[in-house]
Every structure is written in C-alpha cells, then in structure tokens.
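Here the structure comes first, spelled out in structure tokens, and everything after it is commentary.
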2 protein chains.
Amino acid sequence: MRELCLPVGLSGDDLKAVDAAVGNRTRLKKGDSLYRTGDSFAALYAVRLGTLKTTVLAEDGREQVAGYHLQGDIIGLDGLGTERHGCGAVALEDSEVCTIPFEHLEELARDVPPLQRNLHQFLAREISRDHGVMLLLGSMRAEERLASFLLNLSERYRARGYSSTEFVLRMTREEIGSYLGLKLETVSRLFSRFQEEGLLKVSGRNVKLTSVAALRQLVGQRG
Amino acid sequence: MRELCLPVGLSGDDLKAVDAAVGNRTRLKKGDSLYRTGDSFAALYAVRLGTLKTTVLAEDGREQVAGYHLQGDIIGLDGLGTERHGCGAVALEDSEVCTIPFEHLEELARDVPPLQRNLHQFLAREISRDHGVMLLLGSMRAEERLASFLLNLSERYRARGYSSTEFVLRMTREEIGSYLGLKLETVSRLFSRFQEEGLLKVSGRNVKLTSVAALRQLVGQRG
DNA sequence: GGTGAACCTTGATCCTGATCAAACTGGAGC
DNA sequence: GCTCCAGTTTGATCAGGATCAAGGTTCACC
C-alpha cells in the first residue's frame with residue numbers, strides 16, 4: 001500500500017515523513033458530520049473512500065452546498081491557519097477519511113519544500129475551483145449549470161478510473177439545487193428535459209450520459 | 001515608514017527579511033492591467049493605494065468580476081504554487097501595488113514560521129471570502145446582494161480609517177452587476193429604490209448610507 | 001413483506017430580474 | 001465652452017425559474 005493521501009512527487013525519507021504525518025483513518029456513516037461550521041480547526045482530511053459535501057452557513061441560517069468531494073480530495077482547507085472551520089462536512093454515503101493533523105503538516109512543509117509547494121497548489125486549486133463556481137452561479141442559466149455540474153462529476157469519475165458516463169449521484173435533487181443555486185423542482189425538471197432531448201438517461205439517482213458532446217455545447221454556447 | 005505589505009506579527013530580523021522580500025512599487029493608471037488571466041505566475045501583489053478588480057474568465061469568453069481589492073489587500077493568491085494566473089487584475093483608479101516575488105516568499109516562509117502561518121491565513125481567508133460570494137450568488141435576492149455588497153465595502157472602508165457611510169464607488173454599475181450576478185439596469189434600479197426608501201443617498205458614484213441598520217436587516221432577513 | 005417517510009416528478013401560476021428601448025448626465029478632450 | 005461618448009436612469013415588456021400543490025416512487029426499517 002504505497003499510495004499517499006497527498007499525491008506529492010516525493011521519494012524516500014520525505015515520503016516516510018509524510019506518511020507519518022497522516023493520522024489514522026476514520027470511518028463515517030452516511031449522514032455523519034466530519035466537522036461542523038465553527039468547530040475548532042486542527043486538521044485537514046483526505047477522502048479515502050466515499051463522498052462528502054461541504055456546506056457554508058449564512059448568519060441568518062441559510063445553508064448552501066459549497067462542494068462535493070470524492071476519493072482523493074482534500075477538505076478542510078478553508079480553516080487552514082485559522083481558528084475555526086468556515087464550512088461543515090457531511091458524508092453522503094458511508095465513507096472513510098484520513099486525518100492530517102495540521103500542526104504537523106505545517107511543520108513538515110517547512111522541511112520538505114516540495115510538500116510546501118504541493119500544499120500551496122492545493123490551496124490555489126481550491127480558490128480556482130471556487131472561482132469556477134462563482135462563474136457558474138453568477139452567469140450561467142439553469143440548464144448550463146446542471147450540464148456543467150454533470151460534466152464536472154463525469155470528469156472526476158474518469159480521473160479516478162470509474163466510468164465517466166454512467167454513475168450514481170450521491171446527493172438529493174435538493175442538494176444539487178443548493179450547490180447550483182436552483183430549487184429542487186427546477187433540477188428535477190431539467191433532468192427530465194435532458195432525458196427527453198436525448199442528452200442522458202436518468203432514473204432516480206442513476207445517470208447515464210448519452211451525449212457528452214451535446215452537454216459540452218450547452219455549457220460552451222453564448223459568447 | 002514602518003508598515004508592511006504583509007501585516008505579520010513579526011519583529012526584528014524577521015521583519016527586515018520580509019521587508020527585503022517585498023519588491024518595488026508599481027504605479028498603475030486607471031484601466032491598466034496588473035496581470036491577465038493565463039499570465040505566468042511569479043508574484044503576489046499588495047495593494048498600497050487605489051482599487052483593483054479581479055476577473056475570472058470562462059472558456060467561452062464570459063468574464064465576471066471576482067472581487068474588488070482595496071489598500072492592504074493581497075491579490076494573486078489564486079496562482080500561488082501554480083504556473084499561471086487564474087484571474088486578471090485591473091486598476092479601477094490610479095493605484096499603486098508592491099510586488100512580492102513568490103519564490104522568495106515561499107523560501108522565506110520556510111524560515112519564518114509566523115510568516116508561513118500568515119500566508120496560510122491569507123489563503124484561507126480568500127477561500128472564505130469566495131464562499132461568502134457563493135452564498136450571495138446562490139441564495140440571495142437582488143436587493144440582498146446589493147445591500148450585502150454595500151455593507152461589505154462600508155466595513156472595509158471603516159477598517160482602513162475612511163468613512164464607512166460615505167464613499168465613492170470606483171466601479172461602474174455594470175461591474176457591480178457582474179460581481180453580484182445582476183444586470184446593470186437592475187443595479188441602477190436598486191440604487192434608486194434604496195434611495196426612495198431612505199436607505200441611502202446616491203448620486204452617480206457617490207454613495208451615502210443613511211440607514212446601515214435597515215441595510216443589515218435586508219441582508220439578514222429570511223430565516 | 002408491509003409501512004411510512006423521504007425523495008422525486010409534474011402541473012399551474014406567479015414574480016423577479018432580464019431584455020429591449022430611449023432619453024439623460026457628466027466628464028474628458030479639443 | 002462645446003462636443004462626444006461612456007455611463008446611468010427609467011420605462012415597457014418578457015421569460016426563466018420560483019412557488020404552490022398534488023401525486024408517485026423508493027427504500028429503510030420494523
């Protein structure tokens with residue numbers, strides 16, 4: 001079992017040191033919270049197995065899904081270097097994460113420059129990801145948002161060696177809507193419409209993309 | 001002139017080292033680009049004077065304002081540790097920034113733990129900021145968005161020692177709309193309406209908040 | 001295997017903000 | 001001081017998605 005929680009390009013001693021920094025695994029059952037908004041921040045988490053959602057909370061109590069996280073994703077970055085988590089994280093199915101105590105990681109990053117660089121890249125990637133979501137929420141129509149969401153999932157499943165065209169959604173229509181800034185009825189209608197138009201086949205949470213090209217075109221048009 | 005581009009809690013030698021890492025100042029005229037999306041990433045920038053906007057670009061060419069940056073803000077973080085800038089940055093008025101070469105900073109962060117911590121905090125804060133924008137774009141109505149935007153500006157001016165109730169907007173209605181996911185006409189109408197309702201006085205880009213409490217209530221309601 | 005709750009679909013209607021259009025304003029440049 | 005143009009305001013209309021409502025489906029749990 002040579003794989004790493006942080007996919008760094010390291011070798012030898014460095015790698016061992018990183019291995020040591022990675023704490024034990026935690027099993028989560030569907031619905032379990034890994035951490036909640038406002039919890040004191042002490043560690044990052046690498047998703048080993050399963051799917052989590054992170055949610056942001058407005059002062060008035062409104063909650064919104066900020067992201068979905070699959071195997072290999074690192075979560076908790078938003079609390080890095082601060083006192084408290086700004087998000088909450090909940091398992092959408094039985095999952096497993098490993099804990100990366102932050103004190104240790106920060107220290108390690110000082111001694112292992114490639115790791116430091118890697119950490120920075122993770123953070124920057126998180127920022128870029130968020131910018132993508134802002135673009136989606138700020139300037140796309142409902143159908144573009146859903147298409148974009150499905151293509152994003154597709155790409156991520158592909159990268160993990162799963163089918164990129166046939167997968168099971170781990171979240172409800174309401175959660176999808178929350179992430180996309182839409183109501184659940186709108187999400188449901190869009191799935192139906194996409195199916196009518198031959199872009200995909202959907203049955204509850206089972207999705208089969210039948211025309212990735214058409215979905216791409218949907219996202220890319222306008223301009 | 002003892003102030004720092006990165007407001008770190010350092011002293012003595014550390015402080016000198018950081019000072020040394022901060023490159024020279026650059027003057028920007030209104031409309032000048034500091035960097036563009038896709039430019040190779042080499043440095044962060046601290047805003048010394050003026051106002052900048054950062055913009056994200058979709059593949060299809062759509063552009064959206066990702067943030068407005070005032071004196072003391074650090075920009076360019078999204079490119080950190082990666083090859084290219086994911087955003088563009090443009091001066092909204094004559095401005096001045098100082099360049100913080102990234103290679104140097106990363107190296108320095110290894111030797112000066114408080115600086116490392118500070119850098120991480122900046123990154124985490126940027127992520128949290130983006131989450132706030134996602135919340136705004138995903139779940140607020142138009143009037144809540146504008147109120148939220150104005151209160152945010154107000155707070156930031158206050159923190160910088162300027163009036164928190166009377167200021168000049170440095171961006172056009174269209175740019176405000178782009179940031180808030182609204183059209184310029186909607187922004188204009190909202191300003192007029194807020195004025196009618198006695199929340200503020202507006203004349204072109206001059207804004208005077210006359211009822212911060214009412215603006216707050218507007219944002220906070222819905223539960 | 002049956003039951004109930006959570007989740008999903010679909011329909012009808014409403015409303016917010018987009019779009020189209022036209023006139024007004026103010027400031028930069030001559 | 002005048003001109004011109006980018007930016008702003010305001011009006012009229014439209015449409016996308018929200019909301020309200022009512023069944024239908026699935027699956028976890030007993």
Side-chain angles (χ1 to χ4, degrees), chain A residues 29-32 53 62 64-65 90-94 136-150 168-197 200-207 218 221-223, chain B residues 29-32 51 53 62 64-65 90 92-94 136-150 168-197 200-207 218 221-223:
Chain A
K29 277 189 301 187
K30 181 173 173 174
D32 285 354
K53 67 171 176 181
R62 264 176 286 188
Q64 185 174 327
V65 174
V90 176
L92 294 178
E93 59 181 324
D94 292 359
L136 179 144
L137 292 172
S139 67
M140 288 187 180
R141 327 165 19 91
E143 57 181 21
E144 297 177 280
R145 295 185 200 186
L146 185 60
S148 176
F149 171 69
L150 291 170
V168 176
L169 299 171
R170 297 303 177 179
M171 64 295 286
T172 67
R173 301 288 190 258
E174 185 168 24
E175 286 166 331
I176 296 174
S178 172
Y179 180 62
L180 299 177
L182 302 171
K183 291 294 160 188
L184 70 97
E185 294 95 328
T186 303
V187 174
S188 179
R189 276 184 241 275
L190 284 170
F191 271 122
S192 302
R193 186 146 71 77
F194 282 0
Q195 179 161 259
E196 273 172 32
E197 291 167 351
L200 51 76
K201 286 196 191 310
V202 61
S203 169
R205 304 214 179 161
N206 299 289
V207 174
L218 203 55
Q221 75 195 190
R222 168 188 314 256
Chain B
K29 278 189 300 185
K30 181 175 172 172
D32 285 354
T51 311
K53 67 171 176 182
R62 265 175 286 188
Q64 184 174 327
V65 174
V90 176
L92 294 178
E93 60 181 323
D94 293 359
L136 179 145
L137 292 172
S139 67
M140 287 187 181
R141 331 170 12 95
E143 55 181 21
E144 297 176 281
R145 296 186 200 186
L146 185 61
S148 175
F149 171 69
L150 291 171
V168 176
L169 299 169
R170 296 304 177 179
M171 63 296 285
T172 67
R173 301 288 189 256
E174 185 169 21
E175 285 166 331
I176 295 173
S178 171
Y179 180 62
L180 299 178
L182 302 171
K183 292 294 160 187
L184 71 95
E185 295 95 328
T186 302
V187 174
S188 179
R189 274 185 241 274
L190 284 170
F191 270 121
S192 301
R193 187 147 71 78
F194 282 0
Q195 179 160 258
E196 273 171 33
E197 291 167 352
L200 49 76
K201 286 195 192 307
V202 61
S203 169
R205 306 217 179 157
N206 300 288
V207 175
L218 204 54
Q221 75 195 187
R222 169 188 309 261

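Each chain gets a letter, A, B and so on, in the order the sequences are listed, and its residues count up from 1.
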How many whole angstroms separate atom CZ of A:Arg170 from atom P of C:dC7?
15 Å
Side-chain touch B:Leu169/B:Ile176, heavy atoms, less than 4.5 angstrom:
yes
Which residues pass the side-chain hydrogen bond (donor to acceptor under 3.5 Å, both in side chains) test with A:Arg193, sequence neighbours left out?
A:Glu143, A:Glu197
Residue list, ring-ring contact (aromatic ring centres under 6.0 Å, His included) with B:Tyr179, at least two apart or on another chain:
B:Tyr68, B:Phe149
Under a 3.5 Å cutoff, is there a donor and acceptor pairing between the side chains of A:Ser178 and A:Gln64?
no
With nearest nucleotide decided by heavy atoms, which residue, A:Ala142 or A:Asn206, maps closer to the 5′ end of DNA chain D?
A:Ala142
Take atom CG of A:Leu146 and atom P of D:dG17, then tell me their distance rounded to the nearest Å.
11 Å
Summarise how protein sits on nucleotides 9-14 of chain D as a single string, 5' to 3': B when a protein heavy atom is under 4.0 Å from the base, S for sugar-phosphate-only contact, - for no contact.
BBBB--
Kindly compute the distance separating CG (B:Asp32) from CG (B:Leu92), expressed to the nearest 0.5 Å.
11.5 Å
Set of side-chain hydrogen bond (donor to acceptor under 3.5 Å, both in side chains) partners for B:Arg189, sequence neighbours left out
none
What is the minimum heavy-atom distance between B:Lys30 and B:Asp94, and which atoms define it?
N-OD1, 2.8 Å
Calculate the interatomic distance between A:Lys183 atom NZ and D:dA21 atom P; express it in whole Å.
16 Å
What is the nucleic acid contact for B:Gly177, judged by heavy atoms within less than 4.0 Å: base, sugar-phosphate only, or nothing?
nothing
Length of the CG-C1' vector between A:Leu190 and D:dA18, whole Å:
13 Å
At how many degrees, to 10°, do the end axes of the helix from C:dG1-D:dC30 to C:dC30-D:dG1 meet when each uses five pairs?
60°
Tell me the salt bridge (charged side-chain N to carboxylate O under 4.0 Å, His left out) pairs involving residues 175-188 of chain A, sequence neighbours left out?
A:Lys53-A:Glu175
For A:Val187 versus A:Leu146, what's the shortest heavy-atom pair and its separation?
O-CD2, 4.3 Å
Whole angstrom value for the distance that separates C1' of C:dC7 from CZ of A:Arg205
7 Å
Between C:dG17 atom P and B:Leu180 atom CG, what is the distance in whole Å?
12 Å
Atom CD of B:Glu93 and atom P of C:dG27: how far apart are they, to the nearest Å?
16 Å
A:Arg145 near the nucleic acid: base, sugar-phosphate alone, or nothing, with a heavy-atom cut-off under 4.0 Å?
nothing
Whole Å only: how far is the CG atom of A:Leu169 from the P atom of D:dT26?
16 Å
